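Worksheet for the structure shown next.
Reminder, nothing fancy here: chain letters follow the sequence lines and each chain counts from 1. On a predicted model such as this, the values are computed, not experimentally measured, just so you know.
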Protein chains: 2
Amino acid sequence: MARKLRGKGGEKAAERLREAGLRPTRQRLELAGLLFCDEDRHLSAESLHAEAQEAGIKVSLATVYNTLHQFTNAGLLRQVVVDAARSYFDTNIGDHQHFYCEGEGRLIDIPGDAIAVSGVPTPPRGTEIDRVDVVIRLRRA
Amino acid sequence: MARKLRGKGGEKAAERLREAGLRPTRQRLELAGLLFCDEDRHLSAESLHAEAQEAGIKVSLATVYNTLHQFTNAGLLRQVVVDAARSYFDTNIGDHQHFYCEGEGRLIDIPGDAIAVSGVPTPPRGTEIDRVDVVIRLRRA
DNA sequence: CAATAGATTAGAACAATTCTAAAGAAGATT
DNA sequence: AATCTTCTTTAGAATTGTTCTAATCTATTG
Ligand SMILES: [Mn+2]
Ligand SMILES: [Mn+2]
Ligand SMILES: [Zn+2]
Ligand SMILES: [Zn+2]
């Protein structure tokens with residue numbers, strides 16, 4: 001089982017985790033496999049857990065939460081707040097913004113160089129800008 | 001008790017609720033008194049409930065939630081999503097954006113005519129833009 | 001191989017929110 | 001005013017997303 005994750009891609013993923021100060025455990029490697037497989041993704045803890053189950057990966061929901069937060073702290077993921085009920089994690093950590101389909105709970109990336117925010121006032125003294133988030137909420141036409 | 005809310009400001013507030021299709025009940029009038037008293041405000045259900053208690057207003061938390069949602073549906077309030085753990089309601093329903101102090105959970109208005117978002121791509125077919133939210137997250141300098 | 005530090009897990013706990021169903025109040029109809 | 005109907009309030013239970021606990025397990029180091 002662990003064997004299949006060694007060599008080639010597996011070892012590279014393991015190295016990536018080690019560099020982030022995280023032990024390359026079976027669960028982390030398998031979740032990383034789902035997360036960083038191909039395209040950029042937006043997913044909730046519950047949806048990743050469900051997907052892992054379907055893929056036959058044995059991992060608890062607590063570990064999914066732990067892993068998502070650890071990856072986020074390590075800069076491998078970023079968290080997106082668009083819905084008060086659920087948080088989303090984004091595999092695209094580059095500069096970009098989002099469309100959000102309220103109904104379906106779906107996020108769509110907008111490239112950071114496509115969109116611009118101008119006229120931001122000086123932040124209150126004692127604070128500085130951490131980041132600027134733009135969410136474009138969509139409804140059915 | 002209800003007497004004190006009649007006449008002058010009380011009747012105007014009652015009329016406003018009736019126009020919104022809401023019965024001007026004691027709880028709604030008293031909460032409206034807190035919400036639309038003077039300046040624009042950003043508050044959570046819990047914080048409004050606490051404030052009502054301190055003011056000696058007898059109202060349940062369930063009613064605070066009901067009222068906030070009813071006022072929001074009636075267009076008297078708007079909901080702001082900046083923190084996955086808590087939702088905020090905003091008495092400023094005009095076009096504007098926000099600074100958000102992560103640490104303190106405080107929202108600060110940015111006038112809508114001060115800030116501009118350009119380069120928004122065409123939304124996916126079958127959808128249209130409901131609104132554009134900008135949240136500028138602040139950290140201690 | 002130990003030994004050790006760190007990771008995983010089931011299930012309990014939590015916080016924010018919503019639901020339920022019973023009692024109360026507002027507006028309409030006599 | 002008395003009544004009727006509809007909407008509102010409420011306490012408490014329930015639900016949801018998430019975090020915590022503490023026992024077990026595993027990756028890494030010597
Ligand atoms: Mn919740
Ligand atoms: Mn929550
Ligand atoms: Zn994204
Ligand atoms: Zn505001």
Does any pair with a residue in residues 94-117 of chain B pass ring-ring contact (aromatic ring centres under 6.0 Å, His included), and if so which ones, sequence neighbours excluded?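 Passing the test, one end in residues 94-117 of chain B: B:His42-B:His98, B:His96-B:His98.
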
List for me each residue that meets salt bridge (Lys or Arg N to Asp or Glu O under 4.0 Å) alongside A:Glu46, sequence neighbours excluded, and say none if there are none.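 With neighbours one apart ignored, the set is empty.
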
Identify, with sequence neighbours excluded, every residue that meets salt bridge (Lys or Arg N to Asp or Glu O under 4.0 Å) alongside A:Glu104.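 Result, salt bridge (Lys or Arg N to Asp or Glu O under 4.0 Å) vs A:Glu104: A:Arg106.
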
What pairs with A:Gln27 under side chain to side chain donor-acceptor pair (under 3.5 Å), at least two apart in sequence or on another chain?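 Not a single residue meets the side chain to side chain donor-acceptor pair (under 3.5 Å) criterion with A:Gln27.
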
Test side-chain contact (heavy atoms from CB on, under 4.5 Å) on B:Asp90 and B:Asp109; report intermediate values, then the result. CA-CA 10 Å; B:Asp90 193 342; B:Asp109 282 346; 3.9 Å; yes

How many Å lie between [atom1] on [X] and [atom2] on [N], as a whole number?
| X | N | atom1 | atom2 | answer |
| --- | --- | --- | --- | --- |
| B:Leu43 | C:dA16 | CG | C1' | 16 Å |
| A:Arg18 | C:dG6 | CZ | P | 16 Å |
| B:Glu46 | C:dT17 | CD | C1' | 9 Å |

Considering only distance and modelled atom types, tabulate donor-acceptor pairs under 3.5 Å from the side chains of residues 70-79 of chain A, sequence neighbours left out.
{"unit_1": "A:Gln70", "atom_1": "OE1", "unit_2": "A:Arg28", "atom_2": "NE", "d": "3.4"}
{"unit_1": "A:Gln70", "atom_1": "OE1", "unit_2": "A:Arg28", "atom_2": "NH2", "d": "3.3"}
{"unit_1": "A:Thr72", "atom_1": "OG1", "unit_2": "A:Leu68", "atom_2": "O", "d": "2.7"}
{"unit_1": "A:Asn73", "atom_1": "ND2", "unit_2": "A:His69", "atom_2": "O", "d": "3.3"}
{"unit_1": "A:Gln79", "atom_1": "NE2", "unit_2": "A:Ser87", "atom_2": "OG", "d": "3.4"}

Side-chain donor-acceptor distances from residues 124-132 of chain B under 3.5 Å, at least two apart:
{"unit_1": "B:Thr127", "atom_1": "OG1", "unit_2": "B:Pro124", "atom_2": "O", "d": "2.6"}
{"unit_1": "B:Glu128", "atom_1": "OE2", "unit_2": "A:Arg139", "atom_2": "NH1", "d": "2.2"}
{"unit_1": "B:Asp130", "atom_1": "OD1", "unit_2": "A:Arg139", "atom_2": "NE", "d": "3.0"}
{"unit_1": "B:Arg131", "atom_1": "NE", "unit_2": "B:Asp133", "atom_2": "OD1", "d": "3.0"}

Please list residues of residues 57-72 of chain B whose heavy atoms come under 4.0 Å from any atom in DNA chain D, ordered by number; otherwise none.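 Under 4.0 Å from DNA chain D: B:Lys58, B:Val59, B:Ser60, B:Ala62, B:Thr63, B:Asn66.
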
Could you run down the sub-3.5 Å N/O contacts of the protein with nucleotides 5-7 of chain D?
{"unit_1": "D:dT6", "atom_1": "O2", "unit_2": "B:Arg23", "atom_2": "NH1", "d": "3.1"}
{"unit_1": "D:dT6", "atom_1": "O2", "unit_2": "B:Arg23", "atom_2": "NH2", "d": "3.2"}
{"unit_1": "D:dC7", "atom_1": "O4'", "unit_2": "B:Arg23", "atom_2": "NH1", "d": "3.4"}
{"unit_1": "D:dC7", "atom_1": "O4'", "unit_2": "B:Arg23", "atom_2": "NH2", "d": "3.4"}

Taking ring pair (Phe, Tyr, Trp, His ring centres under 6.0 Å) as the test, write out the residues that go with B:His49, two or more places apart.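 Not a single residue meets the ring pair (Phe, Tyr, Trp, His ring centres under 6.0 Å) criterion with B:His49.
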
